[in-house]
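This report concerns only the one structure given below.
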Protein chains: 2
Amino acid sequence: MAAPRANMSYREIKQVVLDRIHNKIWAPDSLLPSETDLAEEFSSTRTTVNRALRELAEEGYLERKRKAGTRVLNAPIRKAQFAIPLIRDEISETGSEYRYALVERAVMPSPAWLSARMGIPHGRDVLHLRCMHYAGNTPFQYEVRWIVPDSIPGVLEADFSISGPNDWLVQKVPFTNLELSFLATKADQTVAEFLDTQTGDPIFTAERITWLRGQPVTLAKLFFAPGYRMTTHL
Amino acid sequence: MAAPRANMSYREIKQVVLDRIHNKIWAPDSLLPSETDLAEEFSSTRTTVNRALRELAEEGYLERKRKAGTRVLNAPIRKAQFAIPLIRDEISETGSEYRYALVERAVMPSPAWLSARMGIPHGRDVLHLRCMHYAGNTPFQYEVRWIVPDSIPGVLEADFSISGPNDWLVQKVPFTNLELSFLATKADQTVAEFLDTQTGDPIFTAERITWLRGQPVTLAKLFFAPGYRMTTHL
DNA sequence: AAGCTCATTATGTCTAGATATAAGGGCATT
DNA sequence: AATGCCCTTATATCTAGACATAATGAGCTT
């Protein structure tokens, strides 16, 4: 248990505050002393205390409001952080060779569900892609993607047979906004074939919609091979 | 596009730096000017520039090393943050009433797979719980949990028939370490029955292991009702 | 009782400058 | 060529103090 000393660093202050929260010295919902008071107690400065409390608030332990003060959250909203690496990196790190294949490319009018989901005019042409990502010879991910070409100059001319649309988009289009969902889906026949598994198998799936300055850019459905886990530590 | 002005706030500086990264003024892998230089350019101070760059590094855009300088990451490791609320809150927010039921409570020797997974001695007694969480009358989550009683005084006497083990643990045991995984599983007969769905249906599942000062505390498998999505925005 | 105004106060941010520390690069040694 | 030492430099953090801003709550008005 860190004991208050003189000249504590903001890290040490964070630890002391955390300890006090855990030991209920500062109970849930209760108000902490003001930064000024804490600075005095820790014989530090307000700037340093501010950083400690600010970070603890970001981590979900405290709630801070101007004038109202700093409060201990009763149910610390734990924030799990998942790193979303490029699939190429994710596969390379396992020691396997990353391989990519374009399955289908088509320009088609936006289907109704897509229009609704992304907020684009019904019937507008969209670019539809289906791709496979392999770790060595093992299927890793089956990707189904729609791209709204209007807002992305050059996308209709881009060559997606060598590398995936994500690579291209990351390079060309800095998105400003992203929605990411994880869910479990049932492998239909197509997915099962591509991922080399049985129809009906549970498939860990990610759905990703990105916008650029309010304009919808792309929606991707990423079907992971059976056994995939998205894991984080904290 | 934010243009550099005098007396910029750290937020404005962040925006300018981000713009420059997006516009490849500072290309991936390239080195940024030093904090001192940037402070001069933005007619700000090093402290302010430092905060801007530090936050951008936390967000995964930059990499900073003492003496080496600040570098643009070529593949911005996007970090998706998921808020992990208490299930009670998650259900209340939908407007439904949260209901809880204990399905089974047993003390048993740790099965081999659990011992291996959590690193506890084989055969050691563990507390096994199965619970249901409902949103109104609709099944929301089926929870299967193991608790290592050694490190948690009082857990064998705790009453889990009224409220769930998570509520109790959060109150009593401030964990120091957590592993959280998301995956897709296939509903077996038990899960299907409790979640009121068909055997074989894909089930979004979370696995959570927590430790207290290196000692394993609990493992929970959380099976969510069909249709569940874990969503985040950034 | 309800609504409004305003002073107070805690946090939010910035300035200017100092010290601490990690790590790259050069130089000398082996 | 490889190793080890040291100097330099860029970031990391701290100090002390200032002003900015949101929100509370007291006191006044309606």
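Since we're looking at a predicted model, the values are computed, not measured. Below, chain A is the first sequence line, B the second, and so on; all start at residue 1.
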Quick one: closest heavy-atom pair of B:Ser96 and B:Gly136, and the distance? CB-N, 4.0 Å
A:Ala225 and A:Pro139: which non-hydrogen atoms are nearest, and at how many Å? CB-O, 3.4 Å
Under 4.0 Å, heavy atoms only, any strand: does A:Thr70 hit a base, just the sugar-phosphate, or nothing? sugar-phosphate
When you measure from the side-chain N and O atoms of A:Asn50 to the phosphate of C:dT13, is any distance below 4.0 Å, counting only OP1 and OP2? no
Using the ring of each side chain (for Trp, its six-membered ring), is B:Phe160 parallel, tilted or perpendicular to B:Trp168, with breaks at 30° and 60°? perpendicular
Quickly work out the B:Met8 CE to C:dT15 P distance and round it to whole Å. 11 Å
B:Arg99 to B:Tyr134, cation-pi by 6.0 Å centre distance and 45° axis angle: yes
Just checking B:Ser44: base, sugar-phosphate only, or nothing, at a heavy-atom cut-off of under 4.0 Å? sugar-phosphate
Phosphate oxygens OP1/OP2 of D:dT13: is one of them under 4.0 Å from a side-chain N or O of A:Arg51? yes
With sugar-phosphate meaning primed atoms plus P, OP1 and OP2, does B:Arg11 contact a base, only sugar-phosphate, or nothing at under 4.0 Å between heavy atoms? sugar-phosphate
Please state how far atom CG in B:Leu31 lies from atom P in D:dT9, giving the value in whole angstrom units. 15 Å
Rounded to whole angstroms, how far apart are CD on B:Glu58 and C1' on D:dT11? 14 Å
Reckon B:Thr45 has a side-chain N or O less than 4.0 Å from the OP1 or OP2 of C:dT15? yes
Relative to the 5' end of DNA chain C, which residue comes earlier, B:Tyr10 or A:Gly69, by the nucleotide with the nearest heavy atom? A:Gly69
Between B:Leu32 and A:Thr48, which residue's closest nucleotide on DNA chain D lies nearer the 5′ terminus? B:Leu32
Those residues that, when tested against A:Tyr100, pass side-chain hydrogen bond (donor to acceptor under 3.5 Å, both in side chains) (two or more places apart): none
Measure the distance from CD on A:Glu63 to P on C:dA10 and round it to the nearest whole Å. 17 Å
Taken to the nearest whole Å, CD/B:Glu12 to P/C:dT13 is 12 Å
If a pair satisfies salt bridge (Lys or Arg N to Asp or Glu O under 4.0 Å) and one of its residues is in residues 223-234 of chain B, list it, with sequence neighbours excluded. A:Glu207-B:Arg229
Calculate the interatomic distance between A:Glu55 atom CD and C:dT11 atom P; express it in whole Å. 16 Å
A:Glu35 CD to D:dT21 C1', straight-line distance once rounded to whole Å: 14 Å
Assign a letter to each nucleotide of nucleotides 19-28 of chain C from its 5' end: B, base within under 4.0 Å of a protein heavy atom; S, sugar-phosphate only; -, no contact. --BBBB----
Base, sugar-phosphate, or nothing: which does B:Thr47 touch, judged by heavy atoms less than 4.0 Å apart? base
Which heavy atom in B:Met118 sits nearest to a heavy atom in B:Leu219, and how many Å separate them? SD-CB, 3.5 Å
